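Quick one: the structure is below, questions incoming.
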Amino acid sequence: MYSLLSCLRIGAVCSLLMTMPSHAQTVAPPATDKLRPNDRAMLIVVDVQNCFVEGGSLPVKDGAAVVPVINAVSQAFDNIVVTQDWHTPDHASFASQHPGRKPFETIDLPYGRQVLWPDHCVQGTPGAALVDGLRLPRAQLVIRKGFHRGIDSYSAFMEADGRTSTGLAAYLQARGIDTVYVAGLATDFCVAWTALDARKAGFATFVIDDASRAIDLDGSLAAAWRRMQAAGVARITSRSIEGWPRP
Ligand code: VGL
Ligand code: ZN
């Protein structure tokens, strides 16, 4: 009994010693709480298009302010995807397609509740083009969404019917991505739905708040944050990302 106890004690001390780094003060990097996106992380830049900034057909308040922040923060990423809202001219999400209905009212479409919008981001028009100042030369994929006439798609992953995939999850998985950072327009619609679907698809998900701006229709921004936080989406600012702002 005695020898067994002393054996255990010696064992405990030995394993304690073995777990202590021999040159802790020289090996360990200084502790930092900054995020450092690695080669398995993807920045998803959502709908930074002319129609969603000042002068566009569905302007998001202060929308153009996301451009310099996204340009800067993108430098911390190896991997970048850009999305474009890309509607047919007769898209079901346009109030103009529903006689007697006005923008920002809601209607019921076969897949559920739909906000009606002013005509915006029509395929191939200047409004659908990316904002001029956006500088993402290393972006690897542009994914267009909302191109089925009868189905809206706020999310970059899944159209509003809940079952038509854009293919983005499979693309990210095929590339070994496990973490996504989402930024752009609008926080409470396309950014939020993209982030929620990213969680559903199993990605660790961050939304960069100061690189996004909201439409905020009847409390939609607060509701979107509640849903995102309940789903495990992390709300961060560009300052929490290593390297930005640069020292
Ligand atoms: C969006 C409303 C309609 C967005 C797109 O990009 O957030 N919002 N279409
Ligand atoms: Zn749209």
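Side-chain atoms are counted along with the backbone in the values below, which use heavy atoms only and exclude waters and symmetry mates. Numbers here simply count residues along the sequence, with the first being 1. Since the model is a prediction, treat every value here as computed from it, not as a measurement. Numbering of ligands and ligand atoms starts at 1, following listing order.
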Task: Protein heavy atom at shortest distance from atom 5 (C) of ligand 1 - done: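 Its nearest protein heavy-atom neighbour is Asp85 OD2, 3.1 Å.
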Open item on the list: Could you identify the single nearest non-hydrogen protein atom to atom 4 (C) of ligand 1 and state the distance to 0.1 Å?
Closed with: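 Of the protein heavy atoms, Cys190 SG, 2.7 Å lies nearest.
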TODO: Find all atoms of ligand 1 within a distance of less than 4.0 Å from any non-hydrogen atom belonging to His120, and give their numbers and elements.
DONE: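 Selected atoms, number and element: 3 (C), 9 (N).
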Task: Side-chain touch Leu35/Tyr181, heavy atoms, less than 4.5 angstrom - done: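 Yes, side chains in contact.
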TODO: State if Gln49 counts as touching ligand 1 under the rule of any non-hydrogen atom under 4.0 Å.
DONE: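 No.
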Open item on the list: Within ligand 1, which atoms have a heavy atom of Ala186 less than 4.0 Å away?
Closed with: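 Checking each atom against Ala186, I get 4 (C), 6 (O), 7 (O).
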Task: Ligand-side contact atoms (ligand 1) for residue partner Asp47, heavy atom cut-off under 4.0 Å - done: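 So the atoms of ligand 1 that pass are 4 (C), 6 (O).
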Open item on the list: If the test is side-chain hydrogen bond (donor to acceptor under 3.5 Å, both in side chains), which one of Gln49, His120, Gln123 qualifies with Asp85?
Closed with: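 In the set Gln49, His120, Gln123, the residue that makes a side-chain hydrogen bond (donor to acceptor under 3.5 Å, both in side chains) with Asp85 is His120.
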- [ ] Ignoring hydrogens and angles, state whether a donor on the side chain of Gln114 or Asp152 is under 3.5 Å from an acceptor on the partner side chain.
- [x]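 Note: Gln114 and Asp152 side chains meet the donor-acceptor criterion.
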TODO: Tell me whether Asp152 has at least one N, O or S atom under 2.8 Å from the Zn ion (ligand 2).
DONE: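 No - counting backbone and side chain alike, Asp152 has no N, O or S atom under 2.8 Å.
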Open item on the list: Do Phe157 and Leu196 have side chains that approach each other closer than 4.5 Å (heavy atoms only, starting at C-beta)?
Closed with: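 A side-chain contact under 4.5 Å is absent here.
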Task: Metal check, the Zn ion (ligand 2) vs His87 N/O/S, cut-off below 2.8 Å - done: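 Yes, within the cut-off.
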Open item on the list: If you round to 10 degrees, what value do you get for the angle at the Zn ion (ligand 2) between Asp85 atom OD2 and His120 atom NE2?
Closed with: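 For OD2 of Asp85 and NE2 of His120, the angle centred on the Zn ion (ligand 2) reads 100°.
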Open item on the list: When you measure from the side chain of Gln229 to the backbone of Arg226, do you find a donor-acceptor pair of N or O atoms at a distance under 3.5 Å?
Closed with: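 No.
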Open item on the list: Does either side chain, that of Thr237 or that of Asp209, offer a donor lying less than 3.5 Å from an acceptor on the other one?
Closed with: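 Side-chain D/A pair, Thr237 to Asp209: absent.
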Task: Backbone N/O of Ser74 and side chain of Arg138: donor-acceptor pair under 3.5 Å - done: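 Yes: the side chain of Arg138 pairs with the backbone of Ser74.
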Open item on the list: Quick check: Tyr154 and ligand 1, any N/O pair under 3.5 Å apart?
Closed with: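 No, since none of the N or O atoms of Tyr154 sits under 3.5 Å from an N or O of ligand 1.
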Task: Centroid separation His87 to Phe94 less than 6.0 Å - done: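 For His87 and Phe94, the ring centres are under 6.0 Å apart.
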TODO: Give yes if a backbone or side-chain nitrogen or oxygen of Trp117 is under 3.5 Å from a nitrogen or oxygen of ligand 1, and no if not.
DONE: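 Such a contact does not occur with ligand 1.
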Open item on the list: Using a 4.0 Å cutoff against the non-hydrogen atoms of Leu185, which atoms of ligand 1 qualify?
Closed with: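 With Leu185 as reference, the close atoms of ligand 1 come out as 4 (C), 6 (O), 7 (O).
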